Amino acid sequence: MNIALLSLEQTPPLSVPLRFFLTAPLFGLLASLLLLYDGPHLLMNRWYPSTLALTHLITLGFITMVMFGAMLQLLPVLAGSPVPRPIFVSSTLHILLTLGTLSLASGFITGWAWMMVSALILLGLSFFGFIGIVAYCLVNVKGRSPTMTGMRFALGALVINAMLGIILGMLFVGVVLPLPMVLTNLHLTWGLIGWIGLLIISIAYQVVPMFQITPQYPSYLTPWLVPLVFFILFLWTPLDILVHLNQLPATVSQLLIGFIGLGLSIFALVTLNLQAHRLRSIPDVTLNYWRVGMIGLLFSIILWGVGVFWSDLAMKPFYPVLLGVIFIVGFVLPVIQGMLYKIVPFLVWLHLQNQQLEITKVISMVKIPNMKQVIPDKFARRQFWVYIMALGLTISAVLWPAGLSDVAGIVLACSFLFLGYNLYKGLWLYRSVSWQIAAAKGKKSDF
Amino acid sequence: MTSKYQLDVSQLEPCEPLERILATLPQLQTGEYLHVLHRMEPYPLYSILEKEGYTWLTQAGQEVPIEIYIWRSTDTLAAAAIKDRQAGQPL
């Protein structure tokens, strides 16, 4: 008899992941409004305070927010390692991350040191609280699946990234730091590739075959890709510092980043290939999100490569902004939205199923909506096209900020609003069916 | 005399496999079991089966990655049939 690692009992309460998933679109909306408010300046230079604020509203408020919820959900389910006191832990981390992100964005925009100090304290508590809890759970995991291994490395990258972020934050409270530009590049590389990129790859190993009915990721790829990218990043870090101190030629750093780009390209191409060989080819909007994301990842790697060989382009102020926009808005956001459209309906369905089983031995007492009814495909598909317009406009706005940043901000705001509406719609359906089940329970107890 | 239901859910999206399995189980009569063809282990199913009073056997499949046999925990005939199957005897 196979002993299950995953069970309904180990699934944390629905509020644990949902509080993160439902807050994320609000931060996306806030970031869009900032783009609308301060657009042209914001897209011209990566060092502009509003640009830093917008970047962190997206990377912390949207991306990390979802990642926190996903990991707190997946750890007990995939690893059989429950998070202790899940509601207390998740609500504390959620409040700290929410307030910390708001303080950080406000600190960048206003330049108030006390705001930055409170952001550093709140985010520090949030990150190291999260890291401590997840590390505790991962220690208890017996399995060594590629997803669990990948999560460990992504968590390691988060430790490094959070430390770099806190050190950099001290710049804003009057502490003088050596090589602030180099530290910033290390921070964003460990954040975007280490924490976000490695976690997406690790979770993709699980969710792409499961939800998109594809073959499994090849076993020659999954055990080594994430650890290898992590170790190259680790090796690259001191060497990049030496490059900036003119102790090493720039090609050393570029070569290592090139290897990372190669690894990420292999992941993108393998994913696209798996999706082209789906076992059952039925229309699925989340597939579109993933395909856009993989193409966005490939584009960002190509654009980086072009910048290496065409230094005039790399020196333009818009180049790093464009690179960041394509990586974040063109790769990370669609993949996360694609995941949300599968994970949220699945969790709603799973929890309703569980509630129903608690009250009766008759399996189909209250009709439980299936996944496609929790968030109807047509709503997700409409939001997808709004997102595609927002992506095109945001990329175009980097090249023509004065003319397009306002429109890009409005359409991006619509995209996040629509996403939020779809996710909240799933929650409303959950509540409505949950009440029906509770009512049925009341009737049953009368007999 | 035992008989079985076979259900191939290997190409269905979550949560369809679980829904179809749960819809088929009430049809099992004494001595009958459900043979499920799946592409991955349906972990959430197991605790439901336990609650509903079913026993299961999961093993690597020949045509699909995973095969699961499910029968009522109180059904000794179906359990014996599964045991015979494990011993390589025809059902």
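Just so it is clear, the model here is predicted, and its values are computed rather than measured. Below, chains carry the letters A, B, ... as their sequence lines are ordered, and counting in each starts from 1.
- Classification of the Tyr289(A)-Tyr387(A) ring pair by plane angle, with boundaries at 30° and 60°, yields tilted.
- Only the side chain of Phe346(A) comes within contact range of chain B, with heavy atoms under 4.5 Å apart.
- Residues Tyr205(A) and Ser145(A) have side chains that never bring a donor and an acceptor to within less than 3.5 angstrom of each other.
- The closest side-chain donor-acceptor pair between Tyr217(A) and Thr271(A) falls under 3.5 angstrom.
- Interface summary for chain A: among Gln11(B), Met40(B), Glu19(B), the most heavy-atom pairs under 4.5 angstrom belong to Gln11(B).
- In this structure a side-chain-to-backbone donor-acceptor pair under 3.5 Å is missing from Arg381(A) to Asp377(A).
- Residue contact with chain A, scored on non-hydrogen atoms closer than 4.5 Å, is absent for Ile68(B).
- Only the side chain of Glu16(B) comes within contact range of chain A, with heavy atoms under 4.5 Å apart.
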